[in-house]
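Below is one structure, written out as structure tokens, with a few remarks after it.
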Amino acid sequence: MNKGSCLCNKVQYEISGGFDDVLNCHCSMCRKLHASAFRTRATIKTKHWKTIQGKSFIKFYESSPGEHKGFCSECGSSLFTKFDENPAVLGFPFGTLDTDPKVKPTRHIYVGSKAAWHDITDNLPQQQVFE
Ligand SMILES: [Zn+2]
Ligand SMILES: [Zn+2]
């Protein structure tokens, strides 16, 4: 069981299952959403996500048609992404975890959009797209 919370702590959640396809996404949307060099994210099963507290604070921004970025409306922390086309899974960025998920990224994607001020210094595969 993993646990996490947003910056202001109003939203608290648990994830009861595993993490698939852990990767670092360097696309410009992830960089802007997280105000960071890249977003480390995984895919999780929607049924494994449980909001323990603060459900009413979670608001959604439709970043692409059918793709909704869930965030804390109080502090702005990015919490998860839900997909109209595939409601069984969520995109989950690791930044708000309070526990060790015991998995690490296995690749970089959208490296063509990488921030000019950031250097990738590991030996993980670098890909131009998400596939
Ligand atoms: Zn918050
Ligand atoms: Zn991205």
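Remember, it's 1-based here, ligands and their atoms both numbered in the order they're listed. Side chains included, hydrogens not; waters and symmetry mates left out as well; all remaining heavy atoms used. Position 1 is the first residue of the sequence, and the numbers go up from there.
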**OP:** Could you please compute the angle at the Zn ion (ligand 2) from SG of Cys27 to SG of Cys25, rounded to 10°?
**Re:** 120°
**OP:** Flag this pair as yes if the NZ/CZ of Lys69 is under 6.0 angstrom from the six-membered ring centre of Phe60 and inside a 45 degree cone about the axis; otherwise no.
**Re:** no
**OP:** Give a yes or no on this: more than 12 heavy atoms of other residues, nucleotides or ligands lie within 6.0 Å of atom CZ of Phe130.
**Re:** yes
Subject >> Geometric cation-pi criterion, Lys10 with Phe57: 6.0 Å, 45° >> reply: yes
Original post:
When you draw lines from the Zn ion (ligand 1) to SG of Cys6 and to SG of Cys72, what angle lies between them, to the nearest 10°?
Top reply: 110°
Original post:
Just checking, any donor-acceptor pair under 3.5 angstrom between side chains of Thr81 and Arg39?
Top reply: yes
**OP:** Report, rounded to 10°, the angle at the Zn ion (ligand 1) between the two atoms SG (Cys8) and SG (Cys75).
**Re:** 110°
